[in-house]
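Taking it in order: structure first as structure tokens, then the write-up.
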Amino acid sequence: MPDHDELRTEQFAAYVREAARRAGYDIDSPRGGGKTALARDTGMSQSTVGRMIAGKAMPDPAYLEPLARCLRVPLPELLVLSGLISRDVFTEEQQPRTLSPREAAADLGIRDPAKVELFETMVRALLTDQNLNSGGRGGESEVA
């Protein structure tokens with residue numbers, strides 16, 4: 001029975017094989033050149049590509065970004081399948097950061113007190129105008 005790492009490596013290989021076929025790499029034919037082309041396009045050695053596709057080895061993390069680009073798959077999916085990060089990172093709801101106009105000015109690098117005041121006045125005017133035109137309600141102190 002395969003251990004956890006072996007199972008992960010096999011699942012990664014299955015995903016990469018399918019993605020490589022969809023991306024036009026002929027990885028099934030011995031003379032199709034797909035493995036050689038994938039190695040060239042990602043910067044990996046041919047032997048590394050062969051072991052990865054066979055489910056015998058995981059590529060170095062440095063190759064995941066070029067691999068995702070060549071296979072036209074999301075990098076986060078490769079990161080999860082490789083075991084470098086957990087899927088929970090992407091499933092947790094992240095609340096948007098709410099800023100006051102003063103905080104937004106600071107984040108933008110506006111430090112001069114007169115310019116900060118001008119920025120705050122402009123943001124409040126824009127938010128007031130937006131809320132009046134949309135009929136919505138919103139706090140003047142929040143900037144999404």
Side-chain angles (χ1 to χ4, degrees), residues 1-111 115-116 118-144:
M1 182 167 160
D3 70 13
H4 183 68
D5 288 338
E6 289 171 342
L7 184 59
R8 176 180 293 137
T9 303
E10 289 170 12
Q11 289 173 337
F12 184 86
Y15 181 86
V16 167
R17 283 191 301 269
E18 183 58 34
R21 290 179 189 114
R22 281 193 318 267
Y25 291 97
D26 183 6
I27 58 168
D28 299 310
S29 171
R31 296 187 185 241
K35 293 175 188 173
T36 300
L38 188 58
R40 179 195 64 231
D41 294 348
T42 60
M44 286 190 264
S45 70
Q46 289 182 18
S47 63
T48 298
V49 169
R51 287 192 312 273
M52 173 185 67
I53 287 175
K56 303 294 181 196
M58 196 68 75
D60 185 279
Y63 294 110
L64 293 179
E65 188 173 351
L67 183 61
R69 186 175 48 255
C70 291
L71 300 180
R72 297 187 293 272
V73 298
L75 177 59
E77 188 64 19
L78 289 184
L79 292 169
V80 169
L81 289 170
S82 69
L84 290 174
I85 61 173
S86 118
R87 193 168 302 277
D88 295 339
V89 170
F90 300 103
T91 57
E92 295 173 356
E93 263 190 64
Q94 294 184 3
Q95 296 297 321
R97 183 173 166 214
T98 302
L99 301 174
S100 71
R102 184 172 297 275
E103 291 169 326
D107 280 1
L108 291 169
I110 302 169
R111 303 278 184 254
K115 290 179 181 177
V116 169
L118 177 63
F119 181 83
E120 288 180 292
T121 301
M122 183 175 37
V123 169
R124 286 192 178 98
L126 290 169
L127 289 173
T128 300
D129 183 53
Q130 177 182 330
N131 290 332
L132 290 175
N133 289 334
S134 68
R137 296 206 236 134
E140 287 182 2
S141 65
E142 293 182 350
V143 176

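Keep in mind the model is a prediction, meaning the values are calculated, not measured. Position 1 is the first residue of the sequence; numbering continues from there.
In this structure the side chain of L64 reaches within 4.5 angstrom of the side chain of P59, judged on heavy atoms. Within the 4.5 Å cutoff, the side chain of L78 has no heavy atoms near those of the L84 side chain. At least one side-chain heavy atom of E77 sits less than 4.5 Å from a side-chain heavy atom of R87.
The two residues A54 and A13 make their nearest non-hydrogen contact at C-CB, 4.5 Å. A23 and C70 make their closest contact through CB-O, 3.8 Å (heavy atoms, listed as atom of the first residue, atom of the second, distance). V116 and I110 get closest at one heavy-atom pair: CG2-O, 3.4 Å. Y15 approaches P74 most closely through the heavy-atom pair OH-CD, 3.9 Å. Closest of all the heavy-atom pairs between L71 and A20 is CD2-CA, 3.5 Å. Across every non-hydrogen atom of P101 and F119, the tightest pair is O-CE2, 3.3 Å.
Evaluation of the side chain to side chain donor-acceptor pair (under 3.5 Å) rule for R102 yields E120 as partners, not counting sequence neighbours. For D28, the salt bridge (charged side-chain N to carboxylate O under 4.0 Å, His left out) partners at least two apart in sequence or on another chain are R21. For R8, the salt bridge (charged side-chain N to carboxylate O under 4.0 Å, His left out) test picks out D5, with sequence neighbours left out. Not counting sequence neighbours, the partners of S45 by the side chain to side chain donor-acceptor pair (under 3.5 Å) test are S47, T48.
The structure places CE of M122 at 11.0 Å from CG of L127, a figure rounded to the nearest 0.5 Å. We find the CG-NZ distance between L118 and K115 to be 9.5 Å, quoted to the nearest 0.5 Å. Separation of atoms OH (Y25) and CD1 (I53) is listed at 10.5 Å; rounding is to 0.5 Å.
The side chain to side chain donor-acceptor pair (under 3.5 Å) analysis of residues 30-39, with sequence neighbours excluded, yields no pairs. For residues 46-71, no pair satisfies salt bridge (charged side-chain N to carboxylate O under 4.0 Å, His left out), with sequence neighbours left out.
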